[in-house]
Structures are given as structure tokens and as C-alpha cells.
S.K.: 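Submitted below is the structure of interest, expressed as C-alpha cells.
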Amino acid sequence: MELDAKYNPSSVEDKWYSYWLKNKFFHSTPDNRPAYTIVIPPPNVTGILHMGHVLNNTIQDVLVRHARMTGYNACWVPGTDHASIATEAKVVNKLAGMGIKKRDLTREEFLKYAWEWKEEHGGIILEQLKKLGSSCDWDRTAFTMDEKRSESVMKVFVDLYEKGLIYRGLRMVNWDPKAQTVLSTEEVVYRDEKSKLYYLRYYVADTDTNPVKPTGEEGEVLHKDSEGRYYAIVATTRPETIMGDTAMCINPKDPKNRWLRGHKVVVPLVDRVIPVIEDRYVDIEFGTGCLKVTPAHDVNDYALGKTHNLEVIDIFNPDGTLSEAAGMYVGQDRMDVRRQIAIDLDKAALLEKVEDYDNKVGYSERNQDTAVEPRLCKQWFLKMQHFADIALPPVLEGKIKFHPSKYVTTYRNWLENIQDWCISRQLWWGHRIPAWFLPAAEGEEEKFVVALTLEDALAKARKINGYENISAEELTRDEDALDTWFSSWLWPVSLFDGINNPGNEEIRYYYPTNDLVTGPDIIFFWVARMIMAGEEYMKDVPFSNVYFTGIVRDKLGRKMSKQLGNSPDPLTLIAKYGADAVRMGMLMCSSAGNDVLYDDSQVEQGRNFCGKMWNAFRLVQMWKVDEKVQQPQASALAVKWFSNLLDKTLATVDDHFSKFRINDALMAVYKLFWDEFCAWYLEIIKPGYGEGMDKATYEATLVFFDKLLRLIHPFMPFITEELWQAMSERKEGETVMLQQYPVAGQADEGLIADFEIAKEAVAGVRSVRQDKNLSPKDKLNVVVDNSFPQATMTVVSRLANVDISCGEASAAAVSFVVGTTKVSVELAGHINVEEEIAKLEESLEYQHRFLASVRSKLANEGFVAHAPQAVIDGERKKESDCLERIATIESSLKALR
RNA sequence: GGGAGCAUAGCUCAGUUGGUUUAGAGCGUCUGCCCUACAAGCAGAGGGUCGGGGGUUCGACUCCCUCUGCUCCCACCA
């Protein structure tokens, strides 16, 4: 087979990916092998591949391919997430572009557009994953809103409701005025913001009937205007909410404001009279110690309102504009009103001052330009204490291991302070809540039934007193959909239909899955909740290991983002460098849990490695076996050495895999191939120009190459398949991806150590050459001690281009020490005695200093008394080795002089 | 405000219960090489008082305290 001079990934990758697909190599069905299962973190169905996906999915693919080659029935289940908020927002935007408003459409019409959008854009990301080489079982591709998954969600909702874990309640929730839906606390991200603190005048209203009586206490602060009217000053960041004020609150222990006790004050501009209440909640030190209370628009104020029985005035519409209830600025956006009301207050001499103020403002995780509004409304909640109780033990007890383990603390803290999960969303794109409302009279408490179908709902409704004759038409289904995560938390179970069809063959075989690879940013959203659902519905953990990847950043450490334009397009990279190069580039710089600083140079390194493999293969391939050629000694030794080194490295790689140190495993493999196999092994056995190669060496080399390809395959699937296929005639249906992963054997450490001495000797001679400006082509004479590993001399001779012998070097030689033996390069005519003496003296001095440090340790009675024997022996060995080296250097010096 | 983590070569990071010759790797840098596998390469070299200070110990990059500087997570201070 003729190979191109350069590796061309694009012509190779599609070819082998289709081959793998055609032969269904990725497909898994239960059999008698142990299962190895990964469920993909389902990407947004209409999303496109970014660098984070590349990292995440490369790691999953490495794990899956490795497992597949080590005897497991490996199954990587792919799928996509309906991502309700994000997708609905995209559809709303698209419709807006067409001049259609969501609220002008019926639910059915809107969903028709949404499904069209999903069909059009959905699944693109899965095609992109294929370009990466992902070995997912595509026959199992799922969608969080497909039939089975939807059915699972409905069943779980009904089940949890019946267990009393789901309830409906009026709560202060986080409202996204743009998407016009409620969000869970986890979906709100807080951002530092430069804002203003407005100091407003609240005049005392009841001076006629209840004159202000200063207490005269120390610290009392009275405010009186030029006309002698008393007023309080309230500091607020949100002056636009004063229309909703129903009280002003002071701390009963605050001497500054105690004179306000029992009074009423006037809300500025609004002219509503509100009471002054007292509560220890108020921070005396903050602002003026006076707090305006707006129960409808602040969580704490709501709590205050409850204890003090205050009226709740909701002044906002769902879209964040002011409502009729505000009485002023009706219809204007809350942010515009904030600016305007400051002006109006100032004009009315009700604005005392404005200060700069840093505070945190909540935004929707999905929508970074509209601040979240606390809002009082009725929603569906899931009680979480029960789930926290069942999800904590498996992680604390190590049944589930987190990599890195520091996330156990994060996990624990969250579960120990768990809040109920708001699961309803005012969206149409999602799983519609299976609850039906019964007709109820005005002011009467709402009545509803939760059921899988309308028929069930009707049957349930008819059992309620007074509704025995209700008809299906009178039931109205809840308009809301469920939080996206309410379907993804079932993912490891629902993918194998474990909810609808408990105990089926697949769920029994594939569950629990093995490893989960995901980002720490969704540890609460997803990881924790999957553990909850797994424990609730399978009475078992959903996975044994969670590998948390870092965030992909640019080389300056900035997050990749569209705005910064610092996020390369993975497909462009793959087209330019090849998928294997991109995979390797991502893997090299990623240790579990650490952020990844991405730089093109890493991918270039991956590309270079492909080139190296390619060329090494070309070299081996051009060799011809000559039966008449005897195996050279150097080759025989090289074969033995590399075989042992391979065994040693395999053990290292196994160890790295077992600890999820994927990048270390890759690094070990990289060095084995490049430094050891190419730079040493191939150079030793390489026949001279035009010469044939002996059969034994050639065959051993093919065995090595085959093992190396298998070893590298999980990391770089395409080039390894290409080369493996090119190695010999392969039958249709054969593939490297289903070969056995190389198994480590016992390595001869002594042989490897001897060989290291030889390598150092070679490097030493080369260094002398470079130093003396001698061509590598000129053969030199080298003399070594008897202690030099004799068997390796032939290797030194070959690689350093020297004649090597044991014995005494002449005076005209340059010497260096390798380990404890002397290597001398005969250099008659090239030697500068002064220089060599200086060099040797320098190294002699160094050895003496080292000797002194070792001896001072050994002379230390404490050391000798306390240190373990092995350590003391080690120091003794250092001492004797050092003495040997000193003797060697001194003899060289003597010879020179 | 609470919690977690990090600080080792120019850059990115290893350093696994304290002792493995005087701390390692990859990339980058410098020098010399186009030698029929590979210049996307080969050969060689330089580069660190392990953030500062203190302590424990015979011995500290490793354990403890403290300071400094970053990062992340959580939290209702208007």
C-alpha cells in the first residue's frame, strides 16, 4: 500500500467513521460481558458544538473506546435536551423576525413552529460530534422530549405528587420578565453591578394627631425641613418600587430612629400613608436605618409583610412594566421608571441624595440582559429534603466518586441547605404539567387533580365532593411546562426505559452506568438531581464516577464567548488540523477539574504527533526483509529493551486510567511513541542505506507497532485505524477499535536501567561532538570502564557512531561520568587540555559539595537514629557512588595533567 | 458574610502516606543541523532560593499557623 508523504486527516476520517458506522461497531446490546455505560450530557438540541463540548466528549470517547478494548460491552448513549427556556426564546425571536408575537398564537400554533425549528436545527450538534470521532451508539439516540422520555416525565410527576412530594404554593419566586417565566433559585446568577443608592424623604404624616416627640437619646437623628416638618430618610436601590410600599421599618434598638416609633409616614410622590413598623431584621448601620417595605417585590419584605400583616401591592406586569396597581408610570418599563422617578423625586424636593453603590443583581442564567424580578406567584414545587436525604450518603460514603474530590464539599453544602425546587415554567416548549383545574367560584380556593391522562383526571375529579357530574370540557389543563431539568434528572434511567418499564433487560444490564463526564457548573442542576432520581426510582446510584472537566478558556484565561470572539469553531479546527489533533490538543492540557487554557499550539502538537506516527509507519513499511541478514546484536538488545519498556509503560497507562488521569495517560503514550520508539528504537534497528533487515527484528517491530496503535487508539482513533488497516491485509469488518487493549507484562527494570546508561552515554558523546564541532559522520573512539553495562555497548557504538572498548583511556580523551562509570572520548588533536581540566575541576567541586551534604546527613545522629533503614541505605549508596565518581574524575584529571 | 481551591522553569502543569543522587514534564527560548521516515523534523543547551514569614521534625515542595495575591462556589443585607 502506497502512503502519501504527509498525513491527510480529512481524507481518512470520514472514510473510517462511515466504516465504523456501517459495521455497527458502536452499537451495543446486552450480552454476557460486563457492561460499561456512559450517558452523554445531552446538549441543547438546537445548539452547535463549542470547545467545551469538544473537551467533554473527547474524554467520554477515550473512556468508552478504552473500555471497549478492555473487554467491556461499551455503550455510550447519545441524545439531546429540549432546553425549554433557551429553545423557546430562540423560537420567539425567530417569530418576532417574521412579525409574529407569541401571545397572538395558540399553544398548538406555537408548538408547531417550535417543532419545525427543532427539526430544522435539531441534531446538527450530533452530526458535529461524529466529526470528532465520538463512538456513540447512534441507534439509541434519544431526546428529552421524545415519546419514551415524555412518558417517563409524566409518570414521575404523577408519582411524586401522589407521594406528597410535589405541591402547589404561593411563593416569592424569581421571575424573568423577558422570557416571562419563573426560574428556580439555581437558574439565577448574581452579578456585581455599579448602581445607585437613593435617599428618599418620607414625611411624617400624623403630626397633627401625634406630634413628634424627640426622645433626646444619645445618637438620635432628627430630620426637619425649612418649614419645620419632620421626615425620615430611606435608602433604596430601587426607587421605582415605592408605589408598592406598605410600611417603613426601623430597628427597635436603633436610637437614631426611635422618635419615629408609632408614627405614620407618607410615601414620596405617591402620597400614600403607611405605618412605621419595628423589626430587628433591619440593619441599624445600613443607610439611615430606615427600610422601605415592599412585600410584593422583595423576598425579605415579603417575610416582613407576613409577620406584620402588611398589604401586598404588586405594581409590575409580567413583562416588567408598571401595572395599573402602581397608579403612576403605568405601562412604562421598570428601568425607565427608575431613572424618571429619580428626576421627579428630585424636582419635588423628596430626593435627599444619591450615592454610588455596588450591589449584586440577579439575572437569568439563560438571559444576561434582563434582571430577574422577585415576584409573588403560585407555582409547582418539589419538596427536596427527602431527596437530599437519599442523595447525600452515596457520595459521602464513596459509592459515587467525584474527580476531583473537592466537589464533594460543594455537593454536601448544597444538599445540607437544600431549598424546594420550583419545577413549573410559564413556557409552552416542554413537558406540560399533567394537572387539571376544576371550575371554582370567585374567591374560592383552586381545586385540581393530577393524572396521566384527561380520562384519569376526570375520574379523579368526579370523586371530589360536589364534582360528581363534572364533564371533561369543564377541566382545564395547567398551561405551564416543567423545568427542563425535571426531564434530564431521569436521563440515566429513562434512556433504558426504566421508568415506563421497570426491571426490563436493558435497565438491568446497563444501570447503574459507570462514568459521568460533565462540568462542575451543573453539579446542582443535573448531577445531584440524577443521583436523587436514581435513588428514588432505581434504589441505586446512577453512576460510579463523576469526572468534572474544567472550563475551556483562551490562553489569557478568559472564558470563551461569542462577544469576545475568542472561541474557535471546532469544525474549522478539525478541518485544518484533523480530529485526532484536536482531540489530543484538548486532552494534553486538561487534568480533571482544572480549567483548560486552550491555545492553537496544543492542537499543532497533536497534528505533529500524527505526522510522527505517519512517518514512523512509512519508515517501517519501506523496510525489506532479507533472510540472509543476521540479527545485529544492537537490534536484538533494542527489541528486548523496548519490549520491557512497553510493558512498563502499559502498567503506567493502566494506573493513569484507573485514576482518571487521562492527560497523564496520553503523555505517557506520547513519550513512549515519540521519544522511545522513534528516537531510540527505530534509530537502532534502522538498516543502512539499501540494506535489508533481518526477519526477527522486522517481525518484532510489527508487533510493537501493532501494540502501539492499539495503545493510542482511544485517544486518536482515526490515524490509528488508518495505519492499523495499512499494516497488513485486513478483512472487511476488522478494526483496531475492537482489538484487545495491550496488557502489561512484567518488565525487567535492570535492563531498562542499563539501557538508560547507554542512552546517557550516547547523549554524552553527541554533546562532546557538538562542543568540539565534530561531524556525526566522523567515527570516534570511546573507552569505557568495566562497570559499563557491556551488553549495551553495541547500541552506543551504533547510535553515537563510535568504536567502543573497555579499558584505560589515553591522555588525549574527554571524559564524562554516566551513573558511576567513566566514558572517555578519544580526541587526539581536538582537545584543549586547559579547558578539559577546568570542566573536570568544576564537576569535581560539585561532587565534593554533594558529598559534604550527604555526609553531614549521615553524621547527624538524629537522622541515623530516626530515619528508616532504607533511607539511610540510600544515603550510604549516594555516598559511595559519589566517592566512585570523584575517583573517576580525579583519574581523568591525572591523565590530562 | 460563609465555604472551597490555587500560588513550583518564560507559559501550562506533575510532584500520589514528609526521605528516590542537588525538584520533573510538555510547550516555548537559545545553538548546531535539509543526514533519503519525518524542518509539522533531528541533535544539543540554558532556565526554578518550589509566593513571603514563622513553626513541627533528624529531615518540608510535601504537615501546621500566618501574611500577600488570584480563582471558584454559596448567601435575602435594602
S.K.: Where the side chain of Tyr670(A) is concerned, which of C72(B), C58(B), G26(B) is the nearest nucleotide?
M.R.: G26(B)

S.K.: If the test is side-chain contact (heavy atoms from CB on, under 4.5 Å), which one of Leu260(A), Asp254(A), Thr236(A) qualifies with Cys290(A)?
M.R.: Leu260(A)

S.K.: For RNA chain B, please output the secondary structure as dot-bracket, reading 5' to 3'. Pairs are Watson-Crick or G-U wobble, both atom distances under 3.5 Å; mark crossing pairs with [ ], other-strand partners with |, unpaired with a dot.
M.R.: (((((((..((((.....[....)))).(((((.......))))).....(((((..]....))))))))))))....

S.K.: Counting side-chain heavy atoms from CB outward, which of A78(B), G19(B), A75(B) is closest to Tyr357(A)?
M.R.: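 Given the options A78(B), G19(B), A75(B), the side chain of Tyr357(A) is closest to A78(B).
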
S.K.: Do Phe402(A) and Tyr407(A) make the cut of ring centroids closer than 6.0 angstrom?
M.R.: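 No, ring centres 6.0 Å or more apart.
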
S.K.: Between the side chains of Tyr281(A) and Asp283(A), does any donor sit under 3.5 Å from an acceptor?
M.R.: no

S.K.: In the 5'-to-3' direction, what one-character label does each nucleotide of nucleotides 3-16 of chain B receive under the scheme B = base within less than 4.0 Å of a protein heavy atom, S = sugar-phosphate only, - = no such atom?
M.R.: S-S------SSSSB

S.K.: Spell out protein contact along nucleotides 40-48 of chain B as letters: B when the base is contacted, S when just the sugar-phosphate is, - when no protein heavy atom is under 4.0 Å; keep the 5' to 3' order.
M.R.: BSSBS----

S.K.: Which atom pairs, donor and acceptor, lie under 3.5 Å between side-chain atoms of residues 667-680 of chain A and protein residues at least two apart or in another chain?
M.R.:
residue	atom	partner	partner atom	Å
Tyr670(A)	OH	Gln605(A)	NE2	3.3
Glu676(A)	OE1	Lys759(A)	NZ	2.6
Glu676(A)	OE2	Lys759(A)	NZ	3.4

S.K.: Among the candidates C58(B), U20(B), C38(B), find the nucleotide nearest to the side-chain atoms of Arg618(A).
M.R.: C38(B)

S.K.: Yes or no on side-chain contact (heavy atoms from CB on, under 4.5 Å) for Tyr202(A) and Val267(A), after CA distance, side-chain angles and deciding distance?
M.R.: CA-CA 6 Å; Tyr202(A) 283 59; Val267(A) 181; 4.3 Å; yes

S.K.: Measuring only between side-chain heavy atoms, which start at C-beta, is Val395(A) closer than 4.5 Å to Arg412(A)?
M.R.: no

S.K.: Can Glu879(A) and Arg876(A) be counted as an ion pair, charged N to O under 4.0 angstrom?
M.R.: no

S.K.: Of all the nucleotides listed (A75(B), G19(B), A78(B)), which has the minimum atom distance to the side chain of Phe863(A)?
M.R.: G19(B)

S.K.: Starting at CD of Glu187(A) and ending at C1' of C74(B), how long is that distance when rounded to a whole Å?
M.R.: 17 Å

S.K.: Distance check, P atoms only: C50(B) and A23(B), in whole angstrom units.
M.R.: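 It comes out at 10 Å once rounded to the nearest Å.
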
S.K.: Between G47(B) and U29(B), how far apart are the two C1' atoms, rounded to whole Å?
M.R.: 9 Å

S.K.: Leu682(A) side chain: which of C77(B), C72(B), A37(B) is closest?
M.R.: A37(B)

S.K.: If you check the Tyr689(A) side chain, which of G19(B), G26(B), U36(B) turns out closest?
M.R.: U36(B)

S.K.: Using atom NZ of Lys777(A) as one end and atom C1' of G32(B) as the other, report the distance to the nearest whole Å.
M.R.: 14 Å

S.K.: Taking atom types as they are modelled, is there a donor-acceptor pair under 3.5 Å from the base of A37(B) to the side chain of Glu683(A)?
M.R.: yes

S.K.: What interatomic distance, in whole Å, is found between C1' of U17(B) and the corresponding atom of A25(B)?
M.R.: 24 Å

S.K.: If you look only at distance, which donor and acceptor atoms sit under 3.5 Å apart when one is on a side chain in residues 574-586 of chain A and the other is two or more places apart or in another chain?
M.R.:
residue	atom	partner	partner atom	Å
Asp580(A)	OD1	Phe718(A)	N	3.2
Asp580(A)	OD2	Phe718(A)	N	3.3
Asp580(A)	OD2	Ile719(A)	N	2.7
Arg583(A)	NE	Phe715(A)	O	2.9
Arg583(A)	NH1	Asp61(A)	OD2	2.7
Arg583(A)	NH1	Leu132(A)	O	3.0
Arg583(A)	NH2	Asp61(A)	OD2	2.9
Arg583(A)	NH2	Pro714(A)	O	2.9

S.K.: Could you tell me how far U16(B) sits from C63(B) if I compare only their C1' atoms? Round to whole Å.
M.R.: 16 Å

S.K.: Which of the following nucleotides, G26(B), A37(B), C76(B), is nearest to the side chain of Gln605(A)?
M.R.: G26(B)

S.K.: Are the ring of Tyr846(A) and the base ring of U22(B) both nearer than 5.5 Å at their centres and tilted by less than 30°?
M.R.: yes

S.K.: For Gly289(A) and for Asp675(A), locate the closest nucleotide of RNA chain B by heavy-atom distance; then report the residue assigned to the nucleotide nearer the 5' terminus.
M.R.: Asp675(A)

S.K.: Sequence neighbours left out, what passes side chain to side chain donor-acceptor pair (under 3.5 Å) with Tyr7(A)? Give chain and number order.
M.R.: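 Tyr7(A) satisfies side chain to side chain donor-acceptor pair (under 3.5 Å) with no residue once adjacent residues are dropped.
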
S.K.: Using the P atoms only, state how far C61(B) lies from G24(B), rounded to an integer number of Å.
M.R.: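 Each nucleotide's P atom is 14 Å from the other's.
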
